[in-house]
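Report on the structure given below.
Residue numbers begin at 1 in each chain, while the letters A, B, ... track the order of the sequences.
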Amino acid sequence: MFTTNEIDMEKLKFSFYQRQDVVEIAKELLGKVLVTNLKGIVTSGRIVESEAYAGVIDKASHASGGRRTNRNQIMYGNGGFAYVYLCYGIHHLFNVVTNSKEIPHAILIRGLEPLEGIEKMLLRTNKKKLDNTLTRGPGNLSKALGISTKHTGTSLLGEKIFLADDGVRLSRNAIATSPRIGVDYAGKDALLPYRFYVKGNQFVSGKPR
DNA sequence: GAGTAGATCCTCT
DNA sequence: GAGGATCTACTCA
């Protein structure tokens, strides 16, 4: 399906995260590579699913209505940092903060196709063999990559966690759009088409299509 | 295969 | 003191 091309991997630049349109960035993140390098263990995966959270005007966002708390203050900082938080007491959800200071945009990474360090991911998740549950869904992928809430505030331009472009390009018709998942509480904002995924990829969460 | 309950704990009210 | 940007296992059919 995808071919790895590690030689041409290039970290996404600060300016990539600084742009205004969080929905556009969410779409562009599909096909990019998320890499973690923690305690000398390198694991990575290609992003196949993402969701945009459009700051203060978005009821589904933690920053909805300008809410500002200890937990989400990182969203009010500059783009290019990680926002990780705990959900349902069990799951660590990994977000990419975008835009500039005081504009709390973020993108939730929901699905990855494993690339490097698959055996390490299996160890972390207590799985025996690779299947599509390893990095499908936001809770699973952060566990597989070793990401937890203590990584909130980590720069995505550093060595520990970063996003890279290895030259893979997705054609426009390979990308599908849908409403976001698990945000029914957000009223009509739950219907916004802010979720993007690679059509037919087995690491996309939700019902297979 | 579909539907539901339980896990589990940090964060905000 | 309540509830959440979820996942899994279990039931029932």
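The stretch residues 117-129 of chain A participates, sequence neighbours left out, in these side-chain hydrogen bond (donor to acceptor under 3.5 Å, both in side chains) pairs: Thr43(A)-Arg124(A), Lys127(A)-Thr133(A).
Residues Arg19(A) and Glu24(A) are not paired through a salt bridge, judged by the lack of any N-O separation under 4.0 Å between the basic side chain and the carboxylate. Glu51(A) and Arg110(A) are joined by a salt bridge, as a carboxylate oxygen and a charged side-chain nitrogen come within less than 4.0 angstrom of each other.
Taking the salt bridge (charged side-chain N to carboxylate O under 4.0 Å, His left out) definition, one finds that Arg180(A) meets it with Asp58(A), sequence neighbours left out. Shown here are the salt bridge (charged side-chain N to carboxylate O under 4.0 Å, His left out) partners of Arg169(A), two or more places apart in sequence or in another chain: Asp165(A). Every residue two or more places apart in sequence or in another chain was checked for a salt bridge (charged side-chain N to carboxylate O under 4.0 Å, His left out) with Lys160(A), and none qualifies.
Less than 4.0 Å separates DNA chain C from at least one heavy atom of each of the following residues of residues 122-133 of chain A: Lys127(A). Listed by residue number, the members of residues 93-101 of chain A with any heavy atom below 4.0 angstrom from DNA chain C are Leu93(A), Asn95(A). Heavy-atom distances under 4.0 Å link DNA chain B to no residue of residues 50-66 of chain A. Interface residues of residues 139-158 of chain A facing DNA chain B, ordered by number: none; criterion, heavy-atom separation under 4.0 Å.
Counting only heavy atoms from C-beta outward, the side chains of Arg195(A) and Tyr197(A) approach each other to under 4.5 Å.
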Donor-acceptor contacts under 3.5 Å from residues 101-109 of chain A side chains, at least two apart:
from	atom 1	to	atom 2	distance (Å)
Glu102(A)	OE1	Arg68(A)	NH1	3.0
His105(A)	ND1	Asn99(A)	ND2	3.4

The dot-bracket string of DNA chain C, counting Watson-Crick and G-U wobble pairs with both distances under 3.5 Å, using [ ] for crossing pairs and | for pairs to another strand, is ||||.|||||||.

Could you write out each protein N or O paired with an N or O of nucleotides 6-11 of chain B at a distance under 3.5 Å?
from	atom 1	to	atom 2	distance (Å)
dT8(B)	O2	Tyr88(A)	O	2.7

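Reading DNA chain C from its 5' end, the first and the last nucleotide to sit under 4.0 Å from a heavy atom of chain A are dG4(C) to dT8(C).
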